[in-house]
Amino acid sequence: MDEIKSEICDILKGAISAAIEVGELPIPDVPEIPFSPTKTPEHGDIATPIALGLAKSAKMAPRTIAEIIVKHVIQNKHPRIRDLEIAGPGFINVYLSNEWLYDTLRTIVEATDAYGRSKVGVGKQIQIEFVSANPTGPLNIVSGRAAAVGDTLVNLLNAVGYEAIREFYVNDAGGQVERLGESIDVRYRQALGEENLEIPEGGYQGEYLQEFAEMIVAEEADAYLKLSQEERVALFRDKGVAHLLGQQETSLERFGVNFDVWTSEKAIRESGKPDQIVDMFREKGYLYEAEGATWFRMTDFGDDKDCVVIRSNGEYTYFVPDAAYHYDKFDRGFDKVIDLLGPDHQGHVTRLKNFVKALGLADDWLEIDIIQQVNLVDSDGTRRDMSKRQGQFLTLDSLIDELADAVGERFAVDVARYFFLMRANNTHLDFNLELAVTQANENPVFYIQYAHARCCSIFQQGEEQRIKVKPIDEVSLEMLTEPSEHELIRKLADFPAIVLSSAEEREAHRVPHYLHELAGMFHPYYNQHRVLDASNMKRTYARLILIQGVRTVLANGLRLLGISAPESM
RNA sequence: GCGCCUAUAGCUCAAUUGGAUAGAGCAACGGACUUCUAAUCCGUAGGUUGCAGGUUCGACUCCUGCUAGGCGUGCCA
């Protein structure tokens, strides 16, 4: 599709330039050619509103301009163009010869797994940091959404040539993990029978810590009571972080997400890099002392408030190691770094970008995308609160468990990933659990998977009937005469552009939508037309190539999403 | 108060980033299995794109002002 588009682009430019030369178009130079979507076959294969855009500068009616351009295109006959048409207010609709449809099928059949891939990102390294949940509890479903989106974005970026990696930043230092240690200490002592203890302010109430404490008691009994409380809290903090981080990793693996790099905040702090950052900021005059703390002049960068980087107790706030961490990413040589943050980190976006600017890095080097919240809703529309502190939240694991009960383990991850991926990142996602579970059979993911399974089934049936797929060069593709067949091929031709735009715009949700549309064209076709037809083998071979194309695109698309493409259902 | 996100069919969401008649899936109603898998298909119905202006050939999309919901907002991360 891209190749043919640039070819048409050149032809149109040539026509415009010829028109300018003979004085028919009073414009200074040849413009870029925009393309507009062709929603229906009546709009041709490729459409451009170029004449509409030129109307103002040329001071001519759009349709007149279109007529001039079309005239010049027709003067030099192009084999790829079957017909040209001026429509509506002045759109030029291009009808391509069928040969390009056949070319599309040839491209797919030759490329197979590689169809959809491109090379625009070759030589560029990108790091995506996502999830990065505090190691203070199980992953919740917001992390699940981030995991699905981040994982898929990395797949997409790699598909278009970038070298992209997945990274998890472990917040294993700072106040939150201290609260974790204190909370475990309370649960530990409670488990040993101590009474009148309460989880400290800002601590973690969840049952998982009771279980963890009971586990410690089961293994070590009261051995830790000999330690001072301070020592014990520190020990439980480290034990807790290791335990909970391990759980998170296990959950992510189950969800099909494997991080390439885990970076520890503690390690960053111990590396001395935060100190270097502070020195650098101080040298550049970004810091000042006030109210016993050290402040960063965020207002110098256009923010409305300065912020504390060193607390009055001498400890760094979260920002210093985080700035150091981002500088570390730069040191590692990434051309671009993308952070996927949760909705509660929205206040950080400007500040983090300002820190990066203060470090002397380019504005567009760091890109931050907010993955909006996930609301768990019941069918009656009521929302469930999911505060980690209160211990009431649905974990990613329990979500998959529930789905597995309904649709089986095999599809649970597929369904969850699809649900998380089908919405744009910046929209609030209402996850209707009852709907996802009780109506799982009507879930759109099955619709797509079923289309793939049906394709596979055709080939299996064909094999049983001893009908083999012929090499494409021996197949008469002109036997594909149905309009629905041409539309299917056109849709298949869109796939690489979908992959590219999803990757470049970080809009992973376009892929599931595209696949759903493709399946939505395949199923009616399947119902209406028989592929295997012994009385018309010539057409059968041609249709098998088409089906092969559909299957390949469905499989490639699902693979990008981390969703299985079953051969039977 | 200020900042960010959101508002599209009864519900959940799309709309190729300013293009042609705003599209799907659920839910509702009526049909199709002797045929490559009925987890499917066909048909009917469903809309003043939150409200009011503005920009232009053209606006769900951009600008301004409202309304409603969510989130954030100098020593948690």
| Of the nucleotides rA77(B), rA20(B), rC36(B), which one has an atom closest to the side chain of Leu532(A)? | rC36(B)

| query | In whole Å, what is the span from the CD atom of Glu265(A) to the C1' atom of rA77(B)? | reply | 8 Å

| request: Say whether, by atom type as modelled, one donor and one acceptor occur between the side chain of Arg145(A) and the main chain of Gln372(A) under 3.5 angstrom. | output: yes

| Could you write nucleotides 1-8 of chain B as a row of B, S and -, 5' to 3', where a protein heavy atom under 4.0 Å of any base atom gives B, of only sugar-phosphate atoms gives S, and otherwise -? | --BBBS--

| message | So, does His509(A) get its side chain near the phosphate of rA15(B), meaning an N or O under 4.0 Å from OP1 or OP2? | response | yes

| remark: Taking rA39(B), rU12(B), rA77(B) as options, the one with an atom nearest any side-chain atom of Met569(A) is rA39(B)

| message | Suppose you measure atom C1' in rC13(B) against the same atom in rU55(B); what distance do you get, rounded to whole Å? | response | 29 Å

| query | Based on Watson-Crick and G-U pairs with both distances under 3.5 Å, what dot-bracket line describes RNA chain B 5' to 3', crossing pairs as [ ] and inter-strand pairs as |? | reply | (((((((..((((.....[...)))).(((((.......))))).....(((((..]....))))))))))))....

| task | When you get a sec, tell me which of rG72(B), rC57(B), rA39(B) is the closest nucleotide to the side chain of Phe446(A)? | result | rA39(B)

| Just how far, in rounded Å, is P of rA14(B) from CE of Met422(A)? | 9 Å

| message | Is it the case that the side chains of Asn171(A) and Gln176(A) hold a donor-acceptor pair, with the cut-off being a distance below 3.5 Å and no angle test? | response | no

| query | Does OP1 or OP2 of rA38(B) have a side-chain N or O of Arg454(A) closer than 4.0 Å? | reply | yes

| task | Based on the glycosidic angle (syn within 90° of 0, else anti), state the conformation of rC4(B). | result | anti

| query | Could you state the CG-P distance from Asn134(A) to rC76(B), rounded to the nearest angstrom? | reply | 14 Å

| query | What is the distance, rounded to the nearest whole Å, between atom CG of Asp494(A) and atom C1' of rU16(B)? | reply | 9 Å

| query | How far, in whole Å, is rC63(B) from rU56(B) if one measures between their C1' atoms? | reply | 13 Å

| query | Does a side-chain N or O from Tyr447(A) land closer than 4.0 Å to OP1 or OP2 of rC41(B), or not? | reply | yes

| request: Taking the six-membered ring for Trp and the full ring for Phe, Tyr or His, determine whether the centres of Phe91(A) and His43(A) are under 6.0 Å apart. | output: no

| message | Closest-nucleotide mapping onto RNA chain B: is Glu291(A) or Pro49(A) further toward the 5' terminus? I mean the 5' end. | response | Pro49(A)

| message | Using a heavy-atom cut-off of 4.0 Å across all strands, would you classify Gln449(A) as base, sugar-phosphate, or nothing? | response | nothing

| Does the His326(A) side chain pair with the main chain of Asp322(A), one donor and one acceptor, at a distance under 3.5 Å? | yes

| request: Considering only atom C1', compute the distance from rA39(B) to rC51(B) and round it to an integer number of Å. | output: 43 Å

| query | Taking the six-membered ring for Trp, are Phe319(A) and His348(A) parallel (under 30°), tilted (30 to 60°) or perpendicular (over 60°)? | reply | perpendicular

| request: Measure from the side-chain heavy atoms of Gln461(A) and tell me the nearest of rA77(B), rA20(B), rC36(B). | output: rC36(B)

| query | Rounded to the Å, how far apart are Lys56(A) NZ and rC57(B) C1'? | reply | 9 Å

| message | Go nucleotide by nucleotide along RNA chain B from the 5' end; which of Ser568(A) and Ala87(A) gets its closest nucleotide reached first? | response | Ala87(A)

| field | Spacing of the P atoms in rC66(B) and rU21(B) (rounded, Å) | value | 33 Å

| note | Minimal heavy-atom distance between Ser484(A) and His529(A), with the atoms involved, is OG-NE2, 3.6 Å

| field | Pairwise side-chain contact, Pro34(A) with Ile50(A), heavy-atom cut-off 4.5 Å (strictly under) | value | yes

| Minimum heavy-atom distance between Pro566(A) and Met569(A), given as atom pair plus value | CG-CG, 3.8 Å

| How about Phe446(A) and Tyr418(A): are their ring centroids closer than 6.0 Å? | no

| said: Taking rC71(B) as the reference, what is the distance to rG65(B) when you measure between their P atoms (whole Å, please)? | reply: 24 Å

| said: Main chain of Pro321(A), side chain of Lys273(A): is a donor-acceptor contact present, judged purely on distance under 3.5 Å? | reply: no

| Does the side chain of Asp339(A) pick up a donor-acceptor pair with the side chain of Tyr169(A) at under 3.5 Å? | no

| query | What do you reckon, is CD of Glu32(A) surrounded by more than 12 foreign heavy atoms closer than 6.0 Å? | reply | no

| query | Sub-3.5 Å donor-acceptor pair from the side chain of Arg179(A) to the main-chain atoms of Tyr204(A), do we have one? | reply | no

| request: Quickly work out the Leu429(A) CG to rG70(B) C1' distance and round it to whole Å. | output: 14 Å

| field | Euclidean distance, atom CD1 of residue Ile368(A) to atom P of rA77(B) [Å, nearest integer] | value | 17 Å

| request: Give one of base, sugar-phosphate or nothing for Asn171(A), where a contact means two heavy atoms less than 4.0 Å apart. | output: sugar-phosphate

| said: If you go through the side-chain atoms of Asn93(A), does one of them form a donor-acceptor pair with the base of rA20(B) closer than 3.5 Å? | reply: yes

| task | Classify the ring geometry between Phe355(A) and Phe296(A) as parallel (under 30°), tilted (30 to 60°) or perpendicular (over 60°). | result | tilted

| query | When you compare rG46(B) with rG23(B), how far apart are their C1' atoms, in angstrom units rounded to a whole number? | reply | 13 Å

| message | Mind checking if Ala453(A) touches a base, just sugar-phosphate, or nothing, with heavy atoms under 4.0 Å? | response | base

| message | Less than 3.5 Å apart, any donor N or O on the side chain of Asp172(A) or Ser264(A) sitting next to an acceptor on the other? | response | yes

| said: What's the gap between rU48(B) and rG43(B) when it is taken at their P atoms, as a whole Å value? | reply: 24 Å

| query | Would one find a side-chain N or O of Tyr450(A) under 4.0 angstrom from OP1 or OP2 of rA39(B)? | reply | yes

| query | How long is the line joining CZ of Arg410(A) and P of rA39(B), in whole Å? | reply | 15 Å

| Under a 4.0 Å heavy-atom cut-off, which of residues 512-531 of chain A touch RNA chain B? | His513(A), His516(A), His523(A), Pro524(A), Tyr526(A), Asn527(A), His529(A), Arg530(A), Val531(A)

| request: Indicate, with a heavy-atom threshold strictly under 4.0 Å, whether Ala55(A) touches base, sugar-phosphate, or nothing. | output: nothing

| message | Categorize Pro343(A) for me: base, sugar-phosphate, or nothing, with a 4.0 angstrom heavy-atom threshold over every strand shown. | response | sugar-phosphate

| message | For the P atoms, the ones on rC41(B) and on rG3(B), what distance do you get once it is rounded to whole angstrom? | response | 48 Å

